[in-house]
*Asks:* 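Input: one structure, supplied below.
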Protein chains: 2
Amino acid sequence: MDSKKQKKLEARGWVVGDASEFLQLTDEEARYIELKRALSESLKTERLKQQVTQVELAKMLGSSQSRVAKMEAGDAAVTVDLLLKALLTLGVTKKQLAKIIA
Amino acid sequence: MDSKKQKKLEARGWVVGDASEFLQLTDEEARYIELKRALSESLKTERLKQQVTQVELAKMLGSSQSRVAKMEAGDAAVTVDLLLKALLTLGVTKKQLAKIIA
DNA sequence: TGACAATATGTCCGTTTGGACATATGATCT
DNA sequence: AGATCATATGTCCAAACGGACATATTGTCA
């Protein structure tokens, strides 16, 4: 689990930049992170495209601005579930989702 | 919505009052559930295709047989994150994922 | 039938997550 | 400069999640 490894490293004083570079990630871990990155990036893009603020999106989600910011930052403590729910709330279609992921 | 389907969902932890309440699911909630269903179904299909048992897949994931069973059952207490990690562990590609989702 | 493997179901409990809040930074005005 | 809006960052704690285990069910053999 990457966040655990990362936290271990950080606890030892390492400043972790690019995950796949410093951590010994399995291929499937790296692909999972990349997937998340693609989703969070698309979230920000889609939100801006619709001219919605983070506060507004947070309200739509029943969440808070700070969490939306973390979603878009690709924060490790944000799940794919939350990203997907946010994208769906913005009206992203299955087809668009597929394009984001592929 | 027939009551059979509803009871199945209830048994799996989905909070469903009655048929009308179920129909009150927002579009984005319904689409999220459908997405999860597609992933769990694909997980089972892919595992069987590779002739892997739930116990074996659990070992690959560092998880347990019971959780794998819940993943494939589309249990409400299973996240998309876990489903994705399992699919990636089975070697499913981005393209295949996109196809599953779309 | 009994025995065995595979899968399903239920519960427990430590860990992770997410909403909330405070606060900081940044950007754009007059 | 100060004011205002948008976004980022950090922390807290209740709720949700996940691994583990027990147990039940199902399927398939001899």
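Order of the sequence lines fixes the chain letters, A, B, ..., with proteins taken first and strands second; residue numbering starts at 1 for each chain.
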*Asks:* Of the candidate nucleotides D:dT9, C:dG19, D:dA8, which contains the atom at the shortest distance from the side chain of A:Ser64?
*Replies:* C:dG19
*Asks:* Pick the nucleotide of DNA chain C nearest each of A:Gln65 and A:Leu61; which residue has the one closer to the 5' end?
*Replies:* A:Leu61
*Asks:* When we call it a touch if two heavy atoms are under 4.0 Å apart, what does A:Lys85 touch: a base, just sugar-phosphate, or nothing?
*Replies:* nothing
*Asks:* Roughly how many Å is it from CG in A:Leu43 to P in D:dA8, rounded to a whole number?
*Replies:* 11 Å
*Asks:* For the side chain of B:Ser63, starting at C-beta, report the closest nucleotide among D:dA8, D:dG19, C:dT11.
*Replies:* D:dG19
*Asks:* Assess whether a salt bridge exists between A:Glu34 and A:Arg37, defined as any Lys/Arg side-chain N lying under 4.0 Å from an Asp/Glu carboxylate O.
*Replies:* yes
*Asks:* Side chain of B:Thr53: nearest nucleotide among C:dA6, C:dA8, D:dT11?
*Replies:* C:dA6
*Asks:* Hey, does the side chain of B:Lys44 come within less than 4.0 Å of C:dA8's phosphate (OP1/OP2), counting only N and O?
*Replies:* yes
*Asks:* Would you indicate, yes or no, if D:dT7 has its OP1 or OP2 atom less than 4.0 angstrom from a side-chain nitrogen or oxygen of A:Arg47?
*Replies:* yes
*Asks:* Mind calculating the distance between CG (A:Leu48) and P (D:dA6) to the nearest angstrom?
*Replies:* 12 Å
*Asks:* Report the distance from atom CG of A:Asp81 to atom P of C:dG18, rounded to the nearest whole Å.
*Replies:* 7 Å
*Asks:* Which of the following nucleotides, C:dA8, D:dG18, C:dG18, is nearest to the side chain of B:Thr79?
*Replies:* D:dG18
*Asks:* To the nearest Å, give me how far apart NZ (B:Lys59) and P (D:dG19) are.
*Replies:* 14 Å
*Asks:* Kindly point out which of C:dT9, C:dG18, D:dC17 is positioned nearest to the side chain of A:Val78?
*Replies:* C:dG18
*Asks:* Counting side-chain heavy atoms from C-beta on, which of D:dG10, D:dT7, D:dG18 comes nearest to A:Ser66?
*Replies:* D:dG10
*Asks:* Tell me what B:Ala69 touches on the nucleic acid: a base, only sugar-phosphate, or nothing, going by heavy atoms under 4.0 Å.
*Replies:* base
*Asks:* Looking at the base of C:dG10, is there any donor atom on it, or on the side chain of B:Lys70, that sits under 3.5 Å from an acceptor on the other one?
*Replies:* yes
*Asks:* Kindly say whether B:Leu43 contributes a backbone atom to a donor-acceptor pair with the side chain of B:Glu46 at under 3.5 angstrom?
*Replies:* no
*Asks:* Send over the distance from A:Arg67 CZ to D:dT9 C1', rounded to a whole Å.
*Replies:* 12 Å
*Asks:* Strictly distance-based, threshold 3.5 Å: is any side-chain N or O of A:Asp81 a donor or acceptor partner for the main-chain N or O of B:Val80?
*Replies:* yes
*Asks:* How long is the line joining CD of A:Gln54 and P of C:dA27, in whole Å?
*Replies:* 14 Å
*Asks:* Donor-acceptor check, side chain of B:Gln96 to backbone of B:Thr93, threshold 3.5 angstrom: yes or no?
*Replies:* yes
*Asks:* Take atom CD of B:Gln51 and atom P of C:dT7, then tell me their distance rounded to the nearest Å.
*Replies:* 12 Å
*Asks:* Does A:Arg47 pair with A:Glu72 as a salt bridge, N-O distance under 4.0 Å?
*Replies:* yes
*Asks:* Over how many whole Å does the gap from A:Glu56 atom CD to D:dT7 atom C1' extend?
*Replies:* 13 Å
